[in-house]
Participant: 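This is the structure I have questions about; it appears just below.
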Number of protein chains: 2
Amino acid sequence: MKVSQRGLYALKALLHLAGRWEEGIVATREIAEREEIPEKFLESILVVLKNARVVESRRGREGGHRLRRPPAEIVVGDVVRLLDGPLAPFGDATELTRLVASEPRHAGLFDLFLDVRNAAAAILDHTTLADLLERDRKILVARRRRGGVPET
Amino acid sequence: MKVSQRGLYALKALLHLAGRWEEGIVATREIAEREEIPEKFLESILVVLKNARVVESRRGREGGHRLRRPPAEIVVGDVVRLLDGPLAPFGDATELTRLVASEPRHAGLFDLFLDVRNAAAAILDHTTLADLLERDRKILVARRRRGGVPET
DNA sequence: CAAATATCCTACTAATCCTGTAGGAATACT
DNA sequence: AGTATTCCTACAGGATTAGTAGGATATTTG
């Protein structure tokens, strides 16, 4: 499994929307500027996210995007799969299962790959956007305690 | 992390050599034929494996390749890293650690990626070629018991 | 020494993926 | 009507992937 720049942008954008969940609709430009994502590129990503019903959009003036569900109900694994394909290091879970069951050679190898994909899925499929926001917060607090650098 | 066709070929070739570890040297052509890998492509892969001191080669007639160490001492994680780069889904472990420690935004996300890479590393770095051969054997036995199809 | 055979090295190619850009059409708010 | 924003299509340059081709180099056998 590999997370592309595009996938990373998608996650950052969603985290941005999650952080401002109460505010409602946010425009592409604003996300792009704050998260340092090329605006036109982000546009195309948001369309994908919209078609997958992760996000909903409003056009025209005062338009923009917002999460379709609360941050605690959006799973990181789904977003990664949507943008960057299956979590398995080779092929996908179904293909690997088939190979383990039918390949005369190297079934063990595919079985190993299946273990890796299951380990990744176990982590990514039970982490939500809300979890990540919480995690951000905790890391920041810990960093501050460890001799953070509050300016002056 | 993504295992390419090239990486898969490398692992298959190494498993082939591991299976015939006692026999000593095996020619590229033979591996290519038995494992159904394009010969010239396999050649280039074996050079990489040789430069990384995983395999040793002898030229000329009766030449070929063999593992430099016994199968139980060759770790899958190292092979994957060699052919397909870091195990992390984004960047590598060092970069992710740095990002978690210094990024003002989304440190939690990079921390999550670090968890994924650690989970993958935990699996791949403690599985050897010998483990995989054993695994192959077990799968075959289990398959046979479950109503295998012994011809006629 | 010569022939045969295998690895090793360099270069090239075709296809696909990745990371964007550009321009405009459709839509919705003021 | 005017303006701001999403949405759609097309394209482009660079990197990566999966090989191919041809020959130089080394080594064993006759």
Side-chain angles (χ1 to χ4, degrees), chain A residues 1-13 16-17 23-68 80 82-86 89-91, chain B residues 1-13 16-17 23-68 80 82-86 89-91:
Chain A
M1 185 244 325
K2 175 77 196 300
V3 172
S4 63
Q5 194 68 17
R6 185 150 150 277
L8 184 63
Y9 286 161
L11 286 167
K12 284 185 173 179
H16 188 96
L17 290 178
E23 283 182 50
I25 286 180
V26 180
T28 306
R29 169 159 310 141
E30 202 171 340
I31 306 176
E33 279 171 4
R34 305 244 197 153
E35 301 290 343
E36 301 177 75
I37 303 171
E39 189 178 337
K40 276 299 205 176
F41 197 22
L42 177 57
E43 254 186 29
S44 69
I45 294 168
L46 284 167
V47 169
V48 173
L49 253 18
K50 188 204 120 202
N51 292 337
R53 319 183 67 85
V54 175
V55 134
E56 63 187 352
S57 313
R58 231 176 62 195
R59 289 184 164 192
R61 244 190 108 153
E62 302 293 291
H65 311 268
R66 77 170 150 204
L67 303 182
R68 251 181 107 99
V80 171
L82 180 64
L83 276 296
D84 289 305
F90 182 86
Chain B
M1 185 243 325
K2 174 76 198 298
V3 172
S4 62
Q5 194 69 16
R6 185 152 151 274
L8 184 64
Y9 286 160
L11 286 167
K12 283 185 172 180
H16 189 96
L17 290 178
E23 284 181 49
I25 286 180
V26 181
T28 306
R29 170 160 310 140
E30 203 171 339
I31 305 175
E33 280 171 2
R34 304 242 197 155
E35 301 291 342
E36 302 178 74
I37 303 172
E39 190 178 335
K40 276 298 206 177
F41 196 23
L42 177 56
E43 255 186 29
S44 69
I45 293 169
L46 284 167
V47 168
V48 172
L49 253 18
K50 188 203 120 201
N51 292 337
R53 319 182 69 83
V54 175
V55 133
E56 64 188 352
S57 314
R58 231 176 63 194
R59 289 183 164 196
R61 247 191 103 155
E62 301 295 290
H65 310 268
R66 77 170 150 206
L67 302 182
R68 252 182 106 101
V80 171
L82 180 65
L83 275 297
D84 288 306
F90 182 86

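In what follows, chains carry the letters A, B, and so on, assigned in the order in which the sequence lines appear, proteins first and then strands, with residues in each chain numbered from 1. Side chains are part of it too, since the values below use all heavy atoms of this structure and drop only hydrogens, waters and symmetry mates.
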Participant: Using whole Å, what does the distance between atom C1' of nucleotide D/dA12 and atom NZ of A/Lys40 come to?
Facilitator: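 To the nearest whole Å, that distance equals 16 Å.
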Participant: From the list D/dC7, D/dG19, C/dA6, which nucleotide is the closest neighbour of the side chain of B/Pro38?
Facilitator: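 Looking only at side-chain atoms, B/Pro38 lies closest to D/dG19.
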Participant: What residues form a salt bridge (Lys or Arg N to Asp or Glu O under 4.0 Å) with A/Arg29, not counting sequence neighbours?
Facilitator: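 A/Arg29: salt bridge (Lys or Arg N to Asp or Glu O under 4.0 Å) contacts with A/Glu39.
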Participant: Between B/Thr28 and C/dA6, does any side-chain N or O lie under 4.0 Å from OP1 or OP2?
Facilitator: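 No, outside the criterion.
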Participant: Could you check which of D/dC8, D/dT29, C/dT7 has an atom nearest any side-chain atom of B/Arg59?
Facilitator: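 Given the options D/dC8, D/dT29, C/dT7, the side chain of B/Arg59 is closest to C/dT7.
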Participant: Are OP1 or OP2 of C/dC29 and a side-chain N or O of A/Arg58 less than 4.0 angstrom apart?
Facilitator: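 Checking A/Arg58 against C/dC29: at least one side-chain N or O falls below 4.0 Å of OP1 or OP2.
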Participant: Measure the distance from CZ on B/Arg29 to C1' on C/dA6 and round it to the nearest whole Å.
Facilitator: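 Computing the B/Arg29:CZ to C/dA6:C1' distance gives 8 Å.
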Participant: Of the candidate nucleotides C/dC9, C/dT30, D/dT27, which contains the atom at the shortest distance from the side chain of A/Arg61?
Facilitator: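 It is C/dT30.
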Participant: In plain terms, say whether B/Glu62 and B/Arg58 are close enough for a salt bridge, that is, a side-chain N and a carboxylate O under 4.0 Å apart.
Facilitator: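 Salt bridge: no.
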Participant: Pick out which of B/Arg6, B/Lys12, B/Gln5 makes a side-chain hydrogen bond (donor to acceptor under 3.5 Å, both in side chains) with B/Tyr9.
Facilitator: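 Exactly one option meets the side-chain hydrogen bond (donor to acceptor under 3.5 Å, both in side chains) with B/Tyr9, and it is B/Gln5.
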Participant: For A/Ser57 and for B/Arg6, locate the closest nucleotide of DNA chain D by heavy-atom distance; then report the residue assigned to the nucleotide nearer the 5' terminus.
Facilitator: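 Closest to the 5' end, via its nearest nucleotide, is A/Ser57.
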Participant: So, is A/Ser44 near the phosphate of D/dC8, with a side-chain N or O under 4.0 Å from OP1 or OP2?
Facilitator: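 Answer is no, no contact under 4.0 Å.
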Participant: Can you tell me if A/Tyr9 touches the phosphate of C/dT19, counting only side-chain N or O atoms and a distance under 4.0 Å to OP1 or OP2?
Facilitator: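 Indeed not, no polar side-chain atom of A/Tyr9 lies that close.
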Participant: Can you find a heavy atom in the side chain of B/Val80 that is under 4.5 Å from one in the side chain of B/Leu11?
Facilitator: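 Yes, their side chains come closer than 4.5 Å.
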Participant: A/Leu8 vs A/Leu83, test: side chain to side chain contact (heavy atoms under 4.5 Å, CB included). Steps then yes/no.
Facilitator: CA-CA 9 Å; A/Leu8 184 63; A/Leu83 276 296; over 6 Å; no
Participant: Main chain of A/Ser4, side chain of A/Asp84: is a donor-acceptor contact present, judged purely on distance under 3.5 Å?
Facilitator: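 Answer holds: yes.
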Participant: Round to a whole Å and report the spacing from CD of B/Glu56 to P of C/dA6.
Facilitator: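 Roughly 19 Å, once rounded to whole Å.
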Participant: Which nucleotide in the set C/dT7, D/dC7, C/dG20 lies at the smallest distance from any side-chain heavy atom of B/His65?
Facilitator: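 Among C/dT7, D/dC7, C/dG20, the one nearest the side chain of B/His65 is C/dT7.
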Participant: Using atom CD of A/Glu30 as one end and atom P of D/dT6 as the other, report the distance to the nearest whole Å.
Facilitator: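 Those two atoms, CD and P, are 10 Å apart.
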Participant: Nearest to the B/Gln5 side chain among C/dA28, C/dT30, D/dG19, which nucleotide is it?
Facilitator: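 From the listed options, D/dG19 comes nearest.
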Participant: Check the distance between C/dC18's C1' and A/Lys2's NZ and give it to me in whole angstrom.
Facilitator: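 It is 9 Å, rounded to the nearest whole Å.
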Participant: Can you find a side chain N or O atom of A/Lys50 that sits less than 4.0 Å from OP1 or OP2 on D/dT6?
Facilitator: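 A/Lys50 to D/dT6 OP1/OP2: no side-chain N or O under 4.0 Å.
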Participant: Rounded to whole angstroms, how far apart are CD on A/Glu39 and C1' on C/dG23?
Facilitator: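 Roughly 14 Å, once rounded to whole Å.
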Participant: Could you check which of C/dG24, D/dT27, D/dG19 has an atom nearest any side-chain atom of B/Phe41?
Facilitator: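 Selected nucleotide: D/dG19.
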Participant: Whole-Å distance between D/dT5 C1' and A/Ile25 CD1?
Facilitator: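 The distance from CD1 of A/Ile25 to C1' of D/dT5 comes to 11 Å, rounded to the nearest Å.
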Participant: If each of A/Ser4 and A/Glu43 is mapped to the nucleotide of DNA chain C with the nearest heavy atom, which maps nearer the 5' terminus, i.e. the 5' end?
Facilitator: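 Result: A/Ser4.
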Participant: C/dA6 C1' sits how many Å from B/Ile31 CD1, rounded?
Facilitator: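 Result: 12 Å.
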